[in-house]
Structure formats: C-alpha cells, structure tokens
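Whatever order the structure lists ligands and atoms in, that order sets their numbers, starting from 1.
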Amino acid sequence: MDLTFSEPELAFRDELRAWFGEHDPGREPEHDEDAHYAWRRAFQRQLAQDGWAAVHWPPEYGGRGATLTQSAIFFEELGRSGSPLPANVLGLLLAGPTIMTWGTPEQKERHLAPILTAEEIWCQGFSEPDAGSDLASLKTRAVPDGDEWVVTGQKVWTSGAQYSKWCMLVARTDPEAPKHKGLTYFLMDMEQEGVQVRPLRQITGESEFNELFIDGARIPDENVLGGVGNGWKVALTTLMNERSGLAFFLQVRLRQVLDRLIAEAAQRDLLDDPVIADRLGELHLRAEVLRLTAYRGLTAIEKYGQPGPEGSLTKWMWSETNQQLTQFAADLLGPEALIAGGRWSYELLRARGNSIEGGTTEVLKNIVAERVLGLPKAR
Ligand SMILES: Cc1cc2nc3c(=O)[nH]c(=O)nc-3n(C[C@H](O)[C@H](O)[C@H](O)COP(=O)(O)OP(=O)(O)OC[C@H]3O[C@@H](n4cnc5c(N)ncnc54)[C@H](O)[C@@H]3O)c2cc1C
C-alpha cells in the first residue's frame, strides 16, 4: 500500500492542524471527573461549531463527508495536538453511524444534531453481568405494552452512563427465538425513574463506567431502531464502528506516552544503558508496527467496504504494547512512578482494562486465528 498522502489529504491535514493550533482546549482538569468531562464537552462544542466534530459524517448531517484516510488523519491530529477525545465519543462513533444506517427519517432528524454538539450524550448498554464476550446471551427483557415497551434487566460496564441522556440498548424481545434472533435495538431515554445508574469504582479511583439497573423503564415504539427482532444486525453495525476510528487516536496516544518515557529516561541519563535502550527500541518498533497495521486495516475497509478481522489484531497489539510500556515505565522510574494520583501510576493502572474493553484479548486471538489465519474453529 502507498502511505503517501494525496494533495487533498495534505490540505485537509494542514487545515486541521491549523485549527488545532488556534484552539487550545485549555488546562486539563485533574482529580475531578465531572470537571474533566465538562472540559471535554466544551471542547467538542468548539469542534462542532467549525464542522470538525464528526468529519466522517455526511455533510447533510453536519459532517464533512471525510474519506477513511481523512478520518484517520483527524484522529492522528487530535492525538498529536494533545486535545481530548470529544465527550460524546460513543455518540459520534457508534450511535450516530448506527442511526444513519438503520434509522427512520424522524430518528435521524431527532437525534443526530444533538450528538454532534454534545448536547445529548450517549452510552452503550450492551454488556450484562452474564453477557460480555457472548453478547447474544443477554437477558434484559423488553415486553410490548400498547405502543410502548417495558424494559427490565441489568447492564454493566456502561461507560459514561452518568452523563448520558440516551442509551443504545439491546434487549430480548422474543425469548422463544434462537438467541441471536430474539433481540431488538432500542434508543432508551435515560432520564426516567425506571433507570438507575450506579457508578463502579475502578482500580484508578475514577468511575468511568457504571451498573445500569432497569426496572420497568418505558420506551415508545418510535424508539425501536432497525425493526423488532433485528437487534443483532443493528448491534453489529455499532460494534463494527467501534474500533475503526479510535485505532488511530490510540496509537498516537501510545506514541506520546512512549516519547514522554524516553524523555524522562534521557533526563536521568539512562539511555546509554544497553538493557534500557534495547527495551525502548523494542517499544518504538511495536509502536511503528501498530501505526502501519492501523493503516493496513484502512486499506481493507477501502477495498471491502467494512472493517476486516485485521482490526482485531490492531486492538490486541495496542493493548499488549500499552501494558508493556506502562509496566516498563514503572520498572524504570521506580517508586516515583507509583505515587497514588500520579500520571504514571494512572497510566499503569488504566492500561489493565485495555485487554478487556472493546473485546478481550482471548476473543480477539480467536478471531485472528479463525478469520485472518484460517485456522480451525475453537468450538
Ligand atoms: C474500561 C471498560 C469500558 C467498557 N465500556 C463498556 C460500555 O460502555 N458498554 C458496554 O456494553 N460494555 C462495556 N465494557 C464491557 C466490555 O465490552 C466487556 O467487559 C467485554 O466484552 C468482556 O466481557 P465480560 O467482562 O463479560 O467477560 P467475559 O465475556 O465473561 O469473559 C471472561 C473471560 O473469559 C474469556 N473468554 C470469554 N469467551 C471466550 C472464548 N470464546 N474464548 C476464549 N476466552 C474467552 C475472556 O477473554 C475473559 O478473559 C467495558 C469494559 C471495560 C473494561
């Protein structure tokens, strides 16, 4: 593949880089999650004002109709500028594109604009206590009642639910049907009595995600997305969109963390130590391979119209490399990297979840074995 950007891509990158140069997100709030979220939300508003919040969305919905390469450039430049991920990242990357694919004209009209401006935040209510990797075994029930549905069940690991107005909810509407067939995808209003959000405290001390207790929540018929019983297909659209854009942002952030570590090692005159240099060289190599593999995944999407199984390889490599990198930082910097509330201890602890979120490493390895290498199925 050719990794040279075309003239229009270079022009796009330069315009974007100039925009980031002129729009400083301001100081990142520390030790206050609500203030941190408000900071990301305000920055998304600025992006939206100038048409940068969702470059991959078609212009009629407020995007720029960006190509996949331009989308990748957007996330690379976002990461490079040190700006935060937009607050409504799940709305922009998951809910918006899923509504564009499956939504009625009324649903598109109602939901897309407030996603873009971060006026209405979205969360993803897929995982349950007994349904994560095997999502199709979920048990949350939705029962029709007149022109509404009554929902009862529990979701877990729901990132950002505490800030969300809407939830992409997959629930079982036909318990008699085979497990992939009896599901329906709903757009659930979180602001109702039947929905309780309880934050889960993470190893880092923050509460990015939550438990969701749903007890008699009501969803009108008009908020079924893609038809009753079609939830699995609609959910796949959401899942396919999950990794494609973020891969570029994540690999740039990993590069930044590695550069910071190299700078700190240099300050301590550690770069001449052959063992340390060797380890940093290996991490540098992995970061480069990751970048190139992410671009290779892009080529697959351009060729076949959808993300291929190679995306699993990038996610697996990224989580493994980020965990190795943050562990090495702790080994290298010693106790000062382990101070509670410090930057490096945060990076080390947060990286633990990388091999679980967005698909566990074991499941990704199965996908790579079966669909990339063509090995026999594990089951
Ligand atoms: C930071 C973070 C944010 C998240 N945000 C969200 C969110 O916003 N919305 C949401 O719906 N979910 C979210 N999740 C949940 C995430 O998608 C699930 O944790 C993930 O899918 C794994 O499911 P599980 O935790 O139920 O583990 P399980 O599926 O129960 O897996 C347990 C263990 O068994 C292994 N395993 C399972 N099946 C296989 C298999 N076939 N072959 C080999 N090994 C297997 C797994 O790899 C794992 O080690 C988040 C998770 C994290 C860590």
Side-chain angles (χ1 to χ4, degrees), residues 33 37 85-95 98 121-140 151 153-172 179-180 183 185-188 190 195 197-214 231-232 234-243 246 249-250 253 309 311-312 315-316 318-320 322-323 326 346-371 375-379:
E33 281 179 64
Y37 197 81
L85 258 189
N88 207 7
V89 63
L90 298 184
L92 294 169
L93 292 183
L94 309 189
T98 310
I121 304 293
W122 283 72
C123 63
Q124 182 187 13
F126 282 24
S127 304
E128 296 185 1
D130 289 321
S133 306
D134 183 16
L135 181 63
S137 61
L138 63 85
K139 294 195 184 72
T140 294
V151 186
Q154 189 194 338
K155 297 286 172 179
V156 73
W157 319 125
T158 323
S159 304
Q162 68 273 49
Y163 303 113
S164 295
K165 159 77 177 156
W166 293 99
C167 178
M168 300 164 250
L169 182 93
V170 186
R172 190 161 301 283
K179 68 177 184 178
H180 290 85
L183 303 173
Y185 197 116
F186 295 95
L187 312 178
M188 182 176 76
M190 300 280 286
V195 179
V197 177
R198 290 193 209 150
L200 286 167
R201 182 73 54 197
Q202 290 162 242
I203 192 174
T204 52
E206 36 173 23
S207 299
E208 259 173 284
F209 47 50
N210 305 269
E211 288 177 297
L212 222 59
F213 293 91
I214 310 170
W232 184 249
V234 184
L236 283 184
T237 305
T238 305
L239 293 172
M240 294 236 284
N241 279 286
E242 191 162 358
R243 270 170 235 148
L246 270 184
F249 180 80
L250 294 175
R253 276 287 149 94
S312 301
K315 161 67 194 3
W316 160 18
W318 165 75
S319 58
E320 200 174 81
N322 204 35
Q323 288 175 351
T326 52
Y346 174 82
E347 299 285 0
L348 176 71
L349 296 173
R350 182 59 186 83
R352 294 296 94 197
N354 294 165
S355 45
I356 303 172
E357 59 196 312
T360 69
T361 295
E362 292 78 10
V363 168
L364 299 177
K365 282 183 178 174
N366 284 349
I367 295 173
V368 171
E370 290 167 16
R371 297 183 49 207
L375 297 175
K377 275 190 183 295
R379 283 153 268 121

>> Test your reading of the structure: does F126 have an N or O sitting under 3.5 Å from an N or O of ligand 1?
In response: yes
>> Which residue is it: R198, K155, Q162? I am looking for the one with a side chain to side chain donor-acceptor pair (under 3.5 Å) to N210.
In response: Q162
> Do NZ/NE/NH1/NH2 and the carboxylate oxygens of R350 and E357 come within less than 4.0 Å?
Replying inline: yes
>> My understanding is that we take every heavy atom of each candidate and find the minimum distance to atom 21 (O) of ligand 1. Doing that for G132, G160, P129, G353, which one comes out nearest?
In response: G132
>> Heavy atoms only: which of K155, M168, R352, E362 lies closest to atom 44 (N) of ligand 1?
In response: E362
>> Looking at every non-hydrogen atom in both residues, tell me the closest pair between S127 and L135 and how far apart they are.
In response: N-CD1, 4.2 Å
> Is there a donor-acceptor pair under 3.5 Å between the side chain of K315 and the backbone N or O of G359?
Replying inline: yes
> Which class fits the ring pair W157 and F209: parallel under 30°, tilted 30 to 60°, perpendicular over 60°?
Replying inline: perpendicular
> When only distance counts, is W157 in polar contact with ligand 1, meaning an N/O pair under 3.5 Å?
Replying inline: yes
> Going by the order shown, which atoms of ligand 1 are within less than 4.0 Å of some heavy atom of S159?
Replying inline: 3 (C), 4 (C), 5 (N), 6 (C), 7 (C), 8 (O)
> Looking only at heavy atoms, what is the nearest atom pair of L169 and I214, with distance?
Replying inline: CD1-CD1, 3.7 Å
> Any N or O on Q124 sitting closer than 3.5 Å to an N or O of ligand 1?
Replying inline: yes
> Side chain or backbone of T360 under 4.0 Å from ligand 1, or both, or neither, by non-hydrogen atoms?
Replying inline: side chain
>> Only heavy atoms of R350, strictly under 4.0 Å: list the atoms of ligand 1 that pass.
In response: 1 (C)
>> Tell me whether the rings of F126 and Y185 are parallel (<30°), tilted (30 to 60°) or perpendicular (>60°).
In response: perpendicular
>> Tell me the closest heavy-atom pair linking A351 and T326, and the distance in Å.
In response: CB-OG1, 3.6 Å
>> With respect to S133, determine whether any N or O atom, backbone or side chain, lies less than 3.5 Å from an N or O atom of ligand 1.
In response: yes
>> List ligand 1 atoms under 4.0 Å from F209, heavy atoms only on the residue side.
In response: 1 (C), 2 (C), 3 (C), 52 (C)
>> Quick test of your reading of the structure: of N366, N354, D130, whose heavy atom lies closest to atom 41 (N) of ligand 1?
In response: N366
